[in-house]
Amino acid sequence: MSLAAAPSCGLTIIGGGLAGCEAAWQAARRGVSVCLREMKPVRFSPAHRSPLLGELVCSNSLRAAEVASAVGLLKEEMRRLGSLVMRAADATRVPAGKSLAVDREAFARHLTGALEAQPLVSIRREEVPAPDPETPTIIATGPLTSDALAEALSRLTGQEHLHFYDAIAPIVLAESLDMSRIFRASRYGAGDDYLNCPMDAAQYDTFYQALISARQTPLRPFEEPRYFEGCLPLEVMAARGYRTLLFGPLKPVGLIDPRTGRQPYAVAQLRAENREGALYNLVGFQTKLTYPEQERVFRLLPGLERAEFVRLGSIHRNTFIRSPGHLSEHLNFYRYPNLFLAGQISGVEGYVESAAMGLLAGINGARRVRGEPLLTPPRETALGALVSHLTNTSTRDFQPMNVNFGLFPPLPGRLPKRDRGPAQARRSLEALSAWMAEMRETGLEPLT
Ligand SMILES: Cc1cc2nc3c(=O)[nH]c(=O)nc-3n(C[C@H](O)[C@H](O)[C@H](O)COP(=O)(O)OP(=O)(O)OC[C@H]3O[C@@H](n4cnc5c(N)ncnc54)[C@H](O)[C@@H]3O)c2cc1C
């Protein structure tokens with residue numbers, strides 16, 4: 001629908017990617033008029049090519065389909081909440097084993113067509129240089145947000161809170177670590193916050209040789225390697241000299257292995273990623289190694305032989321807000337209650353996660369316009385677990401995250417591994433039903 005024909009802009013959404021499309025759909029379903037402003041085809045980011053909305057810039061996979069996986073569960077929750085992105089994905093599915101992959105062109109056409117046909121949505125093709133924080137607005141401009149808008153955002157949030165690169169270290173599930181080879185301690189006896197993987201000289205040598213000869217992910221043309229000294233990739237540090245890591249991420253000083261009573265030759269440290277201690281990140285292990293190489297090389301660390309990686313390391317261009325302390329559990333800024341964030345820029349990682357944050361921002365954006373109470377999904381749901389990551393993680397350690405079961409509250413009791421995914425899914429979908437009932441009681445909600 002053209003903007004001229006639109007009655008008014010109840011809600012403005014900037015960015016017509018996965019999050020922006022989903023947010024627009026959710027708000028319009030709730031009877032709110034939406035102005036969706038997308039800079040393509042007037043201007044393309046370095047990775048976008050198609051004039052269509054909802055373009056998948058890289059892989060055509062929305063990852064695992066089964067509901068007993070965290071990302072499969074997130075997709076199922078979105079279906080139940082009437083997600084347009086999921087409807088488009090299911091309608092344009094291509095064979096991909098246990099994954100949900102789509103025909104990317106048909107997928108984007110489906111999204112674009114549905115929004116063009118929605119009478120309450122008007123689509124305007126223009127770059128928005130700055131949001132108006134006083135009127136209800138959702139920013140969903142993604143990891144490659146245009147420079148002008150990124151600058152405007154950093155003025156709103158404070159420069160130090162807007163990031164342009166991910167420097168992501170791998171994260172492992174605590175239960176997959178061999179604690180008989182690891183000791184707890186902080187450096188110089190200042191507590192026991194870290195898990196320490198001690199290495200002797202021979203173990204260090206094996207690890208070092210594997211690291212410097214491992215395959216790396218090629219850089220994209222727009223990703224020049226301009227690393228900050230503080231977050232150099234592990235392999236770049238290693239290439240500077242055989243002993244460089246011993247003064248960086250593998251430094252042993254101030255750590256005594258209680259089993260030997262001595263300082264090890266080298267120590268890799270793991271730090272808790274969430275309050276429950278279910279996830280640990282490998283401190284300083286940001287890397288450009290390929291995913292299979294990361295698993296092979298990092299499993300050489302003592303205690304990590306059978307580590308299960310819930311996220312692998314990466315360094316890539318990614319505009320995102322350090323959301324803890326800024327974003328509320330409703331996805332609006334504490335300081336600017338009319339301004340919402342959705343998608344990758346809110347601090348999640350991945351197509352489905354981005355769309356999911358669009359879904360929630362769309363619901364709450366519409367509620368804000370209608371003067372209804374804003375909502376937070378229960379922590380037990382995949383949606384709620386992601387929101388909790390955005391709002392409850394310690395600011396210092398915050399990095400964008402894919403959905404994974406380590407973000408959920410632990411299940412009561414100990415279950416065999418194969419039963420855990422189905423149990424998480426059951427608990428989550430029950431909580432979602434209860435939440436949907438609350439939604440209907442507190443606002444004018446669509447029936448499906
Ligand atoms: C190169 C690259 C490859 C990726 N590959 C994958 C992958 O394979 N799998 C995966 O799960 N995730 C991947 N991601 C991460 C992420 O899931 C995707 O980027 C996802 O598309 C994010 O969704 P989004 O809606 O937040 O942003 P996007 O889908 O990027 O949508 C943002 C939209 O906002 C528009 N826009 C930007 N600035 C403005 C402005 N000022 N005014 C108006 N419009 C604007 C853009 O043109 C774009 O259409 C990748 C990210 C990058 C950068």
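Order of listing sets the numbers, starting from 1, for every ligand and every atom in it.
- Of the candidates V128, T141, N60, the one placing a heavy atom closest to atom 32 (C) of ligand 1 is T141.
- Considering backbone and side-chain atoms alike, L18 places an N or O below 3.5 Å from some N or O of ligand 1.
- In terms of polar-atom proximity, defined here as any N/O pair under 3.5 Å, Y351 does make such a contact with ligand 1.
- Inter-residue side-chain proximity for V348 and S346 is flagged as met; some heavy-atom pair is nearer than 4.5 Å.
- Side-chain atoms of R420 and Q424 include no donor-acceptor pair closer than 3.5 Å.
- At least one N/O-N/O distance between S146 and ligand 1 falls below 3.5 Å.
- Counted by atom type alone, E77 and S428 present one or more donor-acceptor pairs between their side chains at under 3.5 Å.
- Outside the 6.0 Å centre-distance limit, the rings of H330 and F340 are not counted as a close aromatic pair.
- Residue contacts with ligand 1: E126 is included, with a non-hydrogen atom under 4.0 Å away.
- Using a 4.0 Å cut-off to heavy atoms of L149, the atoms of ligand 1 that qualify are 41 (N).
- By the ring-ring contact (aromatic ring centres under 6.0 Å, His included) test, F408 is found to be paired with F405, residues two or more places apart in sequence or in another chain being considered.
- When the heavy-atom distances from atom 30 (O) of ligand 1 to H48, E22, Q344 are ranked, the shortest goes to H48.
- Residue contacts with ligand 1: E38 is placed with a nitrogen or oxygen under 3.5 Å of a nitrogen or oxygen of the ligand (distance criterion only).
- Remark: E66 CD to E76 CD distance equals 12.5 Å, nearest 0.5 Å.
- The shortest heavy-atom contact between I345 and T145 is CD1-OG1, 3.5 Å.
- Of all atoms in ligand 1, numbered sequentially from 1 with element shown, those under 4.0 Å from a heavy atom of G343 are 26 (O).
- Residues in residues 429-438 take part in no side chain to side chain donor-acceptor pair (under 3.5 Å) pair, two or more places apart or across chains.
- For ligand 1, the atoms lying closer than 4.0 Å to a non-hydrogen atom of K40 are 47 (O), 49 (O).
- Set against the non-hydrogen atoms of I14, the atoms of ligand 1 under 4.0 Å away are 42 (N), 43 (C).
- Residue R37 has at least one heavy-atom neighbour below 4.0 Å for each of these atoms of ligand 1: 43 (C), 44 (N).
- Taking distance alone, with nitrogen or oxygen atoms compared against 3.5 Å, T145 stays at or beyond that limit from ligand 1.
- The closest heavy-atom contact to atom 31 (O) of ligand 1, among the options A150, A130, P143, G17, comes from G17.
- Contact annotation: for L53 versus ligand 1, there are no heavy atoms closer than 4.0 Å.
- Numbered from 1 in the order shown, with element, the atoms of ligand 1 that lie under 4.0 Å from a heavy atom of V57 read 2 (C), 3 (C), 4 (C).
- Note: an N/O pair closer than 3.5 Å links S59 and ligand 1 by distance alone.
- Under a 3.5 Å cut-off, the side chain of N281 and the backbone N or O of I171 do not form any donor-acceptor pair.
- The heavy atom nearest to atom 23 (O) of ligand 1, out of those in S354, S346, G350, is found in S354.
- No donor-acceptor distance shorter than 3.5 angstrom exists from the side chain of S99 to the backbone of A101, with no hydrogens or angles considered.
- Distance check, rounded to the nearest 0.5 Å: OG1 of T217 to CD1 of I315 gives 10.0 Å.
- Below 3.5 Å of separation, one finds an N or O of M39 facing an N or O of ligand 1.
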